Amino acid sequence: MQEVTVGIAGAAGDGLDKSGDTLAKTAGRLGLHVYAYNSYQSIIRGGHIWLKVRIGENKVFSHGDNLGVLVALNQDSIERHAYEVDEGGCVVFNSDKIKCDPAQVKPNVEILGLPMAEITKEIVATHGAILPIMQNTVAIGAVLFLSQIDFAEGESVITETFQHKGDKVVQLNVSLLKAGYEYAKVHSRPIMKDWNYSKIRRPFVTGNEAIAIAAAASGCKFYSAYPMTPASTILHWMANHAEAAGICVKQAEDELAVINMAVGAGIAGVRSMCATAGGGFALMTEAIGMAGIMETPVVCVEVQRGGPSTGLPTKTEQADLNQVFGASQGEYPRMIVAPRDTADCFNTTVEAFNVAEKYQMPVLLMSDLLLSEHPETADVEVFKHDVKIDRGETVTSWPETNGKYKRFALTESGISPRAIPGTENTLYVSGSDEHDERGILISDMFTVAPVRRKMFEKRMKKLDLLLKELPAPQIEGDPKADLTLVGWGSTYGAIREAAELLCKAGIKTNYLIIKYLYPFHGKEVSAILSKCKKKISVEANFTSQLARYIRSETGLAMDGYVTKYDGEPFEPAFIMQSVKDILGNKVRNLDVTEQEAKEIAYHYLRTNYKESLRPERIVKEGKNGHNEATWKVELVERATKKKQAELSVGIETGATYEFVPTAE
Amino acid sequence: MATVVELPLDTYKGPVDPDWCPGCGDFGVLRSVQMAAGKLGIQPKDLMIVSGIGCSSNLPGFIHAYGVHSLHGRSVAVATGVHLANTDLKVVMTGGDGDGYGIGIGHFIHAMRRNLDVTYVVMDNQIYGLTTGQASPTTTRGHKTKSTPLGNAEIPLNPLALAITSGATYVARGFSGEQKQLADLIAGGMAHKGFALIDVYSPCVTYNKINTYPWFKERVYKVEDEGFDPSDMERSLKKSFEWGDKIPLGVIYKVDQTTYEDTEPVLKKGALVKQPLGISKETMKAFVDEMI
């Protein structure tokens, strides 16, 4: 069962996401599994963009650790990523512009420079000059050969991609792909064996797309949003498919409007949804509480990104759990749920609409940048059009002889059959004030304490019923393992693969993923965790929010905490190493690594000096008059490699101390 | 066009009596909303009153109709959602100047930009009443209130001019002391296709001792009496700035423009709430095929 990871690195505007799509779609059509992650920046052109496409015969659950092939679209990409290519792998680049020194790669890594002008000479003669972005297609052709992925399938993907631009453009791109493939065939050797293609065609889908499509299938009729990364691609899908899906898609003036419109639509009786990132959600909270007290169904997707404040707009984090728990003043029933992968995004969204209507409450669906924006292959069967739709107890007609209709009737279950505005004889006001069974507010003339008490209890009672309906979490992997990893949401994939790595390394590991965060299966989780020998939480945040929550609900503390808050998603090897350190009672080492010192140097150059320099040699030095040991980074001129300056970076603090130009 | 069967006032008698201060201007506005609905023959089940928070925002509780008593400043946003979800309901938003022109002004402006087919009745008493008398966005300059003991330093907002320049297509001013005219203005707004604002001077008898009934009665006049033509934006804008010794009442601006609903393709098949749920097998296949 083989797999390969292809890295594509360059600047924004280089079109590397399109190249990644070509590769991923090709693999997906052949029946291979793909998981991709695009590390991009909050910039439209320039910056450093870094895409990883992992392809396997078996399902792959993360973007993995190291690379099989690197496609470098600029010189920086060689310097930043060439060392990540594993032995037996290959580095591909345009050798007319970019250089790769054997010292920059691991032993037994092939360096395949593509002399672009020479390769494309005949194509240029036929089609005229080609855009720099088209050179990516040549590189992808080479990648197809290196990774031994079927060329004909790649050709058909390219053909379809450019079909709308006419035959000439199709021919041009196919010949570029072919040229890259043929050049690699002559000048290098394959790094992979023949693949065992299942030929089961699988779509390549992001979590956000899965959520949007599920909403359409679930009968969502109203979607409101304000642009905010990483939730915006739901809005884009919705806007582009609004008519086909029968959804009124409204870009509103702010998130206050977004949620209040969605709640309004819910009151009027349609299935409504909205989505935002953590910052937008902060503006929404009052209205979510309103949906709670009005018993209005609404689905709100909260996509986490690096916080607080504007934070890291294009980076991932799982640090909004406390915010979502704390959303709105007062107490009210709501479901908080966190899907774990693309397919789960689809199913969870379907479930969210049903829970929202059946229990007449807001459902807060938590995702994060990684889950929402990374594409992965998912089985076609996931995308059912005939999903279960449960609208809960409704009143569609009410003869006058029934007496007065009570919208908020006190019932045993806490659920009051809901009439949709427009129905005869069931008139009521949905009130954000506390109210009686008919919806008449009790907060003005005399606040009737027993009415308040019973209405409160009625609303909260719905949670008991809901909890019974929700499946409790379960241990996955060897039930008798010595170690249990605990996590939630998108980290599932990396946790799962880390557990496999740990098992291979002789540490029997299983894992527990919590999906239903509220209401919470306290009893069940307590029973599971009290049987675990050792438990370590894995969360993409600083304070291990889930672990703290579990402790508050079960009284059980973790034995260790793996955290990550630098904006980049977990990789399995990182989790494994962190776990080993915890098990070995090692104090977590927060020192700046050599690679990190290089990144800090890149940032320093951009903000203080000039980008004509780049970091070259890095050596560890003593205190040199500072209070800590330092990394001494040699800065050389990009073109000549001539040393121009030195920069010291504190190993403990990460501070940049001195920039010393080299004397002429 | 179907003949309108007018409905009597008690059709809309609410489940509880209003608990506004005796003499409050809002009584007259409530009655005018009821008269307007009756005049247009709108069945209570087809009428949806959406408010925010404040004295005047309690109105939905006092009228026999569907209603939403939402959050402070959010009535327009909530009403937008309600309206787009069920365009068969006649949506009327009611609230005060603090609710609509203060905390909720963003939604107010954007709803007008969309020329959404809804009606907004603002009970403008130039004060925050429910919170016991602080300055509001329409409090006049120099007015001493609980929050402006030295006199209000800010110039009052001009809701009519704001509405005219923001895209509202029916802009009127009423006075709760002129109930018959007010009912006509509200009915006109409800019948109008597009965003209708009716800014109503509705005196607060408890906390605004300046802009009182007698104060207004001395100053107001009806623009229809002078044959005012509200179809010209520049002329209307000029009229909207009349203030002081003479305060105009009536339709200040009225034009026909494309509404938001006209441009929304999914509404062509009727009210969303009445459309079937979900998508066909073919549609799903098309969605999935895009990603293969």
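As the structure is a computational prediction, the values presented were derived from the model and not from experiment.
At a cut-off of 3.5 Å, with distance as the only test, a side-chain donor of Thr426(A) or Tyr66(B) sits close to an acceptor on the other residue.
Looking at His83(B), neither its backbone nor its side chain comes within 4.5 Å of chain A, counting heavy atoms on both sides. Residue Phe222(A) touches chain B through its side chain alone, counting heavy-atom pairs closer than 4.5 Å. Looking at Lys384(A), the atoms closer than 4.5 Å to chain B (heavy atoms on both sides) all sit in the backbone: N, CA, C or O. When heavy atoms are compared at a cutoff of 4.5 Å, Arg407(A) does not approach chain B at all. For Leu89(B), the part lying near chain A is the side chain, with the backbone staying farther off; criterion is any non-hydrogen pair under 4.5 Å. Proximity to chain B is limited to the side chain of Asp254(A), based on heavy atoms less than 4.5 angstrom apart. In this structure, the portions of Leu256(A) lying under 4.5 Å from any heavy atom of chain B include both its backbone and its side chain. Contact of Leu267(B) with chain A is not made at all, since no heavy-atom distance falls under 4.5 Å. Contact annotation for Thr283(B): only side-chain heavy atoms (C-beta onward) come within less than 4.5 Å of a heavy atom of chain A. Interface remark: Val258(A) contributes no atoms to any contact with chain B (heavy atom separation under 4.5 Å). The contact between Ala245(A) and chain B is made by backbone and side chain atoms together, counting heavy-atom distances below 4.5 Å. For a residue to count as touching a neighbouring chain, one of its non-hydrogen atoms must lie under 4.5 Å from one of that chain's; by this rule Lys25(A) touches chain B with the side chain only.
Side chain of Ser328(A) to backbone of Ile288(A): no donor-acceptor contact under 3.5 angstrom is found. The backbone N or O of Asp390(A) sits less than 3.5 Å from a side-chain atom of Asn354(A), completing a donor-acceptor pair. The main-chain N or O of Ala419(A) is found under 3.5 Å from a side-chain atom of Tyr405(A) such that the two form a donor-acceptor pair. No donor-acceptor pair closer than 3.5 Å links the side chain of Thr233(A) to the backbone N or O of His236(A). Using a distance-only test at 3.5 Å, with no hydrogens or angles considered, a donor-acceptor pair links the side chain of Asn158(B) to the main chain of Ala161(B). The main-chain N or O of Ile127(B) is never found under 3.5 Å from a side-chain atom of Asn208(B) such that the two would form a donor-acceptor pair.
No salt bridge links Asp99(B) with Arg74(B); every basic N to acidic carboxylate O contact stays at or beyond 4.0 Å. Between Arg418(A) and Glu357(A) there is a salt bridge, since a side-chain N of the basic residue sits under 4.0 Å from a carboxylate O of the acidic one.
Of the listed residues (Val429(A), Val249(A), Leu441(A)), the greatest number of heavy-atom pairs within a distance under 4.5 Å of chain B belongs to Val429(A). Taking Leu272(B), Thr80(B), Asn86(B) one by one and counting their heavy-atom pairs under 4.5 Å with chain A, the maximum is reached by Leu272(B). In terms of heavy-atom pairs under 4.5 angstrom with chain A, the leader among Ser280(B), Ala79(B), Gly61(B), Gly14(B) is Ser280(B). Heavy-atom pairs under 4.5 Å with chain A were tallied for Ala85(B), Ser51(B), Gly67(B); the largest tally goes to Gly67(B). The most heavy-atom pairs under 4.5 Å with chain A, out of Pro15(B), Ser75(B), Ala111(B), Ala286(B), come from Pro15(B). Between chain A and the options Arg114(B), Lys274(B), Lys268(B), the largest number of non-hydrogen pairs under 4.5 Å is found for Arg114(B). Taking chain B as the reference chain and counting heavy-atom pairs below 4.5 Å, the highest number among Ile259(A), Thr423(A), Ile420(A) is found for Thr423(A). Most heavy-atom pairs under 4.5 Å with chain A: of the set Glu290(B), Lys281(B), Gln275(B), Lys285(B), this distinction falls to Lys281(B). For the options Ala24(A), Ser218(A), Gly422(A), heavy-atom pairs under 4.5 Å to chain B are most numerous at Gly422(A). When Gly269(A), Cys248(A), Gly431(A) are compared by the number of non-hydrogen pairs under 4.5 Å with chain B, Cys248(A) comes out ahead. Put simply, of Ala378(A), Ala268(A), Gly289(A), the one with the most heavy-atom pairs under 4.5 Å next to chain B is Ala268(A). Note: Met294(A) leads Glu160(A), Lys404(A), Met294(A) in heavy-atom pairs under 4.5 Å with chain B.
By the neighbour-count criterion of 12 heavy atoms within 6.0 Å, atom OH of Tyr226(A) is sparsely surrounded, having that number or fewer from other residues, nucleotides or ligands. For NZ of Lys406(A), the number of neighbouring non-hydrogen atoms (other residues, nucleotides, ligands) closer than 6.0 Å is 12 at most.
In terms of heavy atoms, Ile440(A) sits closest to Val16(B) at CG2-CG1, 4.1 Å.
Between Phe408(A) and His435(A), the two ring planes are tilted [angle within 30° to 60°].
Taken from OG1 in Thr87(B) to CD in Glu261(B), the straight-line distance is 7.5 Å, to the nearest 0.5 Å.
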